[in-house]
Amino acid sequence: MGETGFARFDADERLVWANAAFADRFAVAGDATLGGLLGSLLGSAAMADLRHGRPTTRGLPDGGAVTFALGAGGPGADGSDEWLLTAVDAVASGAPSAHEPWAQIGSVLDCLSQGVMAFDRELRLVAWNRRVLELLSIDPAFPRYAQPYETVVRHIAEQGGYGDGNVDDLVAQRLDYIRKASWPFYNERVRPDGVIIETVTLSLPEGGFVTTYTDITRRKLAERELASSRELLELAIRAAREGISQWDLPGGEVWFSPQWWGLLGYSEAEMDNSRRRWEELLHPEDRDAALEMVEELASGRRMESRQLQRFQHRCGQTVFLETRVLAVAGGDGRIFRIVGSHTDVTESVHAAEAVRAAKEEAERALQDLKDAQVQLIQAEKMAALGALVAGVTHEINTPVGIALTGASLLAEKTRALRHLFEAGTLRRGDFADYIDIADEATQLMLLNVERATRLIQSFKQIAVDQASEERRVFEVNHYIHEVLRSLGMRIRRSGHSVVVDCPEDLTLDSYPGVFSQILTNFVINSLLHAYDPGVRGRLTVTVRVVGGEVELVYADDGRGISADLHGKVFEPFFTTSRDRGGSGLGLNIVYTLVTRTLRGRLLLDSAPGAGTAFTLRFPRVTPAEPLPL
């Protein structure tokens with residue numbers, strides 16, 4: 001039995017690993033324990049040392065040796081460096097072994113993912129594995145048992161394992177370093193191809209040392225990527241002014257990131273990550289809703305939520321944070337953590353409030369404008385009504401005056417006849433003259449009184465229409481003449497002529513008062529703006545039925561309107577003749593009445609020196625409800 005046996009037991013002294021030499025020597029089973037196998041071989045003192053974590057090696061009577069280690073794993077697990085140290089030391093210290101000690105543990109070391117190389121007290125190579133040859137770029141045919149450390153180092157330097165530089169200088173540095181090193185020591189080296197190797201060197205009890213070599217390139221890359229990702233995340237959070245929070249439900253611990261505290265004006269030294277402080281800073285009116293959200297997430301009724309929460313800033317003002325939270329479930333499906341992000345949206349909230357206030361102010365201003373527009377329309381109606389009264393006065397004065405003259409003449413002749421009769425001097429000729437005068441005067445009075453009556457009835461209807469806005473069926477042609485008759489005094493005084501071209505039988509089911517006001521405003525607009533003083537013109541009103549709609553064209557042959565003013569003539573208060581009494585409301589009221597009340601369209605066609613024409617198109621039967629002004 002010339003080989004060395006190796007075995008490792010866990011913390012409960014149960015066998016977890018053994019090599020073939022150990023298994024053959026002790027015929028171990030799967031449930032073998034340290035006490036049952038080795039108690040008699042080691043003795044109570046050695047067993048005590050082993051149970052205190054000290055690996056132990058013992059020679060066997062029939063040759064060979066056994067090495068024991070008590071821990072939690074086998075070769076390659078945590079703590080394997082000490083296990084290897086003891087195993088290699090058993091060979092290097094001259095324990096009973098075969099002719100070649102390296103062959104006794106070579107198969108074990110080759111199973112490791114780490115590279116291993118050991119030197120005795122004379123700095124001679126006593127153990128290595130294939131992995132160390134790969135990591136250090138050593139020729140597999142180069143290493144030999146008891147090879148000097150300097151020779152091994154020189155070979156590695158010549159292969160470029162220590163980087164660029166003079167080989168002799170590199171070898172001298174390594175020899176000086178190993179002689180002066182304090183054990184244990186750790187180091188990292190980077191191969192020319194970028195592979196990063198971590199070395200751990202431990203001293204052997206009997207002199208010499210053992211070094212493990214681990215390729216940590218992937219681990220370092222992962223660490224760098226993790227650090228870079230963490231830095232990127234922190235920078236992104238800072239750039240976005242995002243605060244992060246975490247609520248540990250089992251422990252009840254609350255954590256808020258420094259950025260969260262920064263949003264409220266606090267430094268890292270003033271952070272107080274506690275639920276009590278969070279509730280203090282939270283606006284009292286938002287506290288119940290926030291706690292209810294936490295309860296819903298903790299119970300699993302919701303997995304994510306969002307709230308706009310108000311917090312008190314360090315300086316006293318209110319900060320609006322948009323809070324978005326997620327519930328995190330464990331492997332058992334229970335919620336154990338709540339993670340949240342918090343964004344300062346104070347400026348957005350204030351901007352939205354300003355927009356809302358501006359909107360409300362604009363709506364109030366619009367309503368005031370509509371009210372003013374209604375009042376202006378009513379005022380214009382009253383002005384038109386005043387013009388109607390003036391027209392009535394002038395038109396009725398003539399027939400009434402003639403009737404009054406006839407009545408005065410008849411009264412005078414009657415008194416004269418009575419005087420002759422009472423004096424007894426009445427002659428047949430006097431009575432005949434009286435009869436003739438009375439008949440003529442009576443006919444004249446009746447004719448003019450009837451004319452006055454017709455005028456009064458016509459003016460009365462127009463006045464009622466304008467004042468009441470009553471809807472009814474009316475004849476368009478007749479109504480146009482009545483409106484023009486009410487404006488007759490102003491038209492005749494200006495010297496203009498009016499021509500009406502309208503079907504006799506055309507009727508409308510609409511608002512005659514609106515129709516009257518539109519036509520009145522057109523005529524007055526022409527009288528004020530279309531002609532220079534002393535110029536006589538012609539006004540035309542043409543009505544047709546086109547495509548089921550009524551088309552009314554009002555035109556004059558006056559000075560016209562330049563193209564740059566076409567877009568302004570319907571605007572309120574725009575006028576070019578304010579010095580002659582223009583208010584700038586006439587055409588604006590016309591446009592409003594046509595589009596809102598009659599549900600029609602209004603077009604302007606005009607050019608300087610070519611007159612002006614307004615074309616109205618509207619339905620014969622106006623819809624039941626007019627649009628609001």
Side-chain angles (χ1 to χ4, degrees), residues 226 229-367:
L226 180 61
S229 298
R230 184 175 301 163
E231 181 183 10
L232 180 61
L233 178 61
E234 291 179 355
L235 291 175
I237 291 175
R238 290 182 181 180
R241 289 185 57 81
E242 291 276 348
I244 304 297
S245 66
Q246 178 175 283
W247 196 310
D248 182 15
L249 297 178
E253 297 178 356
V254 180
W255 175 85
F256 293 93
S257 68
Q259 288 81 10
W260 187 90
W261 288 99
L263 296 177
L264 303 184
Y266 293 92
S267 64
E268 293 190 27
E270 298 172 300
M271 293 169 49
D272 180 7
N273 285 323
S274 64
R275 175 172 174 171
R276 174 192 57 80
R277 183 57 175 157
W278 171 70
E279 292 188 8
E280 288 177 354
L281 295 174
L282 188 61
H283 195 283
E285 295 179 2
D286 295 343
R287 192 173 300 148
D288 291 341
L291 293 176
E292 183 180 356
M293 178 181 68
V294 172
E295 175 61 27
E296 289 180 349
L297 293 168
S299 63
R301 296 197 301 271
R302 301 179 66 177
M303 295 303 294
E304 60 180 276
S305 185
R306 172 185 288 187
Q307 274 190 4
L308 182 63
Q309 298 174 338
R310 291 170 290 179
F311 290 86
Q312 184 179 10
H313 192 272
R314 189 174 184 272
C315 297
Q317 67 264 30
T318 299
V319 176
F320 291 83
L321 297 184
E322 184 179 24
T323 297
R324 298 175 296 277
V325 289
L326 298 174
V328 182
D332 58 357
R334 296 182 179 179
I335 307 300
F336 72 95
R337 182 179 301 159
I338 298 174
V339 179
S341 66
H342 310 267
T343 307
D344 186 353
V345 295
T346 305
E347 293 183 1
S348 299
V349 171
H350 289 165
E353 291 176 349
V355 170
R356 184 167 54 252
K359 179 183 177 183
E360 293 175 355
E361 181 65 24
E363 289 176 349
R364 285 195 297 269
L366 179 60
Q367 187 59 46

Within-4.5 Å side-chain heavy-atom neighbours: I335 and L297
no
Nearest 0.5 angstrom please: S257 OG to E268 CD, how far?
9.5 Å
Quick check: closest heavy atoms across R302 and A327, and the distance to 0.1 Å?
O-CB, 4.2 Å
Is I244 close to W255 at the side-chain level, that is, under 4.5 Å between some pair of heavy atoms?
yes
Can you list the residues that meet the side chain to side chain contact (heavy atoms under 4.5 Å, CB included) rule with E292, with sequence neighbours excluded?
E296
Could you pull out the closest heavy-atom pair between F311 and L264, with the gap in Å?
CB-CD2, 3.7 Å
Between R324 and T343, the two heavy atoms sitting closest are NH2-OG1, 3.0 Å
Presence of salt bridge, E270 and R277, under 4.0 angstrom:
no
Side chain to side chain contact (heavy atoms under 4.5 Å, CB included) partners for V254, two or more places apart
W247, F256, R275
Looking at residues at least two apart in the chain, or sitting in another chain, which of them share a side chain to side chain donor-acceptor pair (under 3.5 Å) with E285?
R310
Holding to side chain to side chain donor-acceptor pair (under 3.5 Å), I want the full list of residues that pass it with T323, two or more places apart in sequence or in another chain.
Q309, H342
Supply the atom-to-atom distance T346 OG1 to E322 CD, rounded to the nearest 0.5 angstrom.
11.5 Å
Identify which one of W278, W261, W260 satisfies the side chain to side chain contact (heavy atoms under 4.5 Å, CB included) criterion when paired with N273.
W261
Of all residues at least two apart in sequence or in a different chain, which pass the side chain to side chain contact (heavy atoms under 4.5 Å, CB included) check with L326?
E304
Not counting sequence neighbours, which residues clear side chain to side chain contact (heavy atoms under 4.5 Å, CB included) with V328? List them please.
F336, R337, V339
When you look at CZ of R314, are more than 12 heavy atoms from neighbouring residues, nucleotides or ligands closer to it than 6.0 Å?
no
Minimum heavy-atom separation for L321 to D344, with atom names?
CD2-CA, 3.7 Å
Can you tell me if CD on E347 sees more than 12 non-hydrogen neighbours from other groups inside 6.0 Å?
no
CD (E295) and CG (D288) are apart, to the nearest 0.5 Å, by 13.0 Å
For residues R287 and E279, determine if any side-chain heavy atom of one lies less than 4.5 Å from a side-chain heavy atom of the other.
yes
Below 4.5 Å, heavy atoms only, C-beta onward: do Q307 and V325 meet side chain to side chain?
no
